[in-house]
Amino acid sequence: MTSITGAEPADVSSAFWMNLPDGWVVLDLDTKDVPVQLQELMDDAQSRDASFADHRGVLEKQIKTMIRSARSSDVSFAAILATFSEGGLPVSASLTVSLHDAPEAADAHKILSEIDADNTEVGRSNRVIELPYVGNVVRSAYLQNMNYTSFQGNAKNAIFQYFIPLPDNARRIAVVTGVTPTLPLTEAFGGLFDAVLSTFQFIAAPK
């Protein structure tokens with residue numbers, strides 16, 4: 001496992017810490033060379049396994065789409081995974097953290113009621129779960145249309161979101177979003193993201 005820490009914007013006094021499985025790469029969103037980081041990731045994967053070249057084009061397309069989405073929103077942390085299964089299935093995913101204002105007090109049950117009231121995604125599943133280090137949070141899972149067709153012919157992403165109230169601000173929530181276009185592994189990624197979030201905790205922001 002890889003321990004990662006993300007500093008939050010200056011209007012809060014908390015940063016966060018969680019574990020990521022090996023193979024995930026944390027992006028430096030403060031620089032303008034994110035495409036270079038992606039190129040280096042792909043080069044490294046190909047140097048370790050020449051057969052990666054057979055899947056590189058598909059994975060680059062998927063990862064670039066996820067990166068564009070991450071950089072267009074108020075994201076303070078992003079990590080990506082790009083690999084393939086033993087059966088030759090390209091596997092990609094991203095995990096991001098962003099900060100948002102809650103309509104009311106940042107209470108898990110209030111957040112859940114707001115999401116349920118504004119639920120426009122077909123088949124969206126929303127519920128309150130308890131995480132060991134932060135208490136009750138809202139977990140939301142659904143399929144979302146994307147703007148390209150994947151190698152499998154589908155045009156959807158599997159989305160897993162966790163709405164976590166900040167401990168030092170009654171109206172702010174951290175939204176952790178896991179995304180994968182690899183729909184055959186949707187259930188597996190749901191379990192993986194749940195495991196990662198079970199290690200999520202707030203820590204004092206570095207001064």
Side-chain angles (χ1 to χ4, degrees), residues 1-6 15-27 29 37-38 41-42 44-45 48-49 52 55-56 58-67 69-70 73 75-98 108 112 115 121 123-146 150-152 154 156-164 173-203:
M1 301 289 284
T2 300
S3 298
I4 57 90
T5 300
F16 64 86
W17 181 94
M18 60 182 167
N19 285 337
L20 281 178
D22 293 335
W24 286 74
V25 175
V26 178
L27 298 177
L29 298 178
Q37 295 179 62
L38 174 60
L41 169 64
M42 296 294 171
D44 179 64
R48 288 184 280 107
D49 188 339
F52 184 86
H55 313 286
R56 180 166 180 161
V58 170
L59 288 168
E60 282 185 340
K61 184 176 183 180
Q62 293 176 347
I63 292 296
K64 284 179 180 178
T65 299
M66 288 188 286
I67 290 175
S69 176
S73 57
V75 169
S76 61
F77 168 85
I80 59 174
L81 173 71
T83 185
F84 59 93
S85 70
E86 292 183 1
L89 174 71
V91 178
S92 61
S94 67
L95 188 68
T96 61
V97 181
S98 58
L112 178 63
I115 294 175
E121 301 290 343
R124 184 167 185 161
S125 171
N126 306 316
R127 58 191 172 95
V128 173
I129 63 172
E130 184 175 0
L131 298 181
Y133 300 105
V134 292
N136 289 335
V137 308
V138 175
R139 180 190 191 271
S140 182
Y142 57 97
L143 296 180
Q144 183 183 65
N145 290 327
M146 53 192 180
S150 78
F151 66 97
Q152 294 169 321
N154 66 60
K156 293 182 181 296
N157 280 329
I159 311 290
F160 298 88
Q161 288 189 308
Y162 305 81
F163 299 80
I164 307 174
I173 54 176
V175 180
V176 183
T177 303
V179 180
T180 180
T182 313
L183 297 189
L185 298 180
T186 296
E187 185 176 349
F189 270 107
L192 183 145
F193 291 134
D194 285 349
V196 169
L197 266 293
S198 73
T199 71
F200 187 100
Q201 56 190 287
F202 290 106
I203 59 175

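- The heavy-atom pair separating Met18 from Val97 by the smallest distance is CE-CG2, 4.0 Å.
- Heavy-atom minimum distance, Trp24 versus Leu95: CZ3-N, 3.8 Å.
- A pairwise comparison of heavy atoms in Phe193 and Ala93 identifies CZ-CB, 4.4 Å as the closest pair.
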*asked:* I'd like to know whether Val176 forms a side-chain contact (heavy atoms from CB on, under 4.5 Å) with Ile164, so could you lay out the CA-CA distance, the side-chain angles of the two residues, the decisive distance to 0.1 Å, and finally the verdict.
replied: CA-CA 8 Å; Val176 183; Ile164 307 174; 4.0 Å; yes
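- Side chain of Ser92 to backbone of Leu81: no donor-acceptor contact under 3.5 angstrom is found.
- Across Val179 and Thr177, no two heavy atoms sit closer than the pair CG2-CG2, 3.7 Å.
- For Ala141, the side-chain contact (heavy atoms from CB on, under 4.5 Å) criterion is met by Arg139, Phe160, not counting sequence neighbours.
- With rounding to the nearest 0.5 Å, the separation of CG in Leu197 from CD1 in Ile129 is 6.5 Å.
- Summarising the geometry, atom CG belonging to Leu143 is positioned 6.0 Å from atom CG belonging to Leu183; distances are rounded to the nearest 0.5 Å.
- Between Phe16 and Phe77 the shortest side-chain heavy-atom distance falls below 4.5 Å.
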*Go through the steps for Phe163 and Val137 under the test side-chain contact (heavy atoms from CB on, under 4.5 Å), then give the verdict.*
CA-CA 6 Å; Phe163 299 80; Val137 308; 5.9 Å; no
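- In plain terms, the two heavy atoms of Ala108 and Val138 that are nearest each other are O-CG2, 3.1 Å.
- Shown here for Thr182 and Val91, the closest heavy-atom pair between the two residues is OG1-CA, 3.6 Å.
- In summary, the aromatic rings of Tyr133 and Phe202 are positioned with their centroids too far apart to meet the 6.0 Å limit.
- Here CD of Gln144 is found 6.5 Å from CG of Asn157. Values are rounded to the nearest 0.5 Å.
- Side-chain contact check for Tyr162 and Asp194: at least one donor-acceptor pair (N or O, by modelled atom type) lies under 3.5 Å.
- Among the candidates Val196, Val25, Thr199, the single residue satisfying the side chain to side chain contact (heavy atoms under 4.5 Å, CB included) test with Leu20 is Val196.
- The closest side-chain heavy-atom distance from Ile203 to Trp17 is below 4.5 Å.
- The closest side-chain donor-acceptor pair between Ser140 and Gln161, if any, does not fall under 3.5 angstrom.
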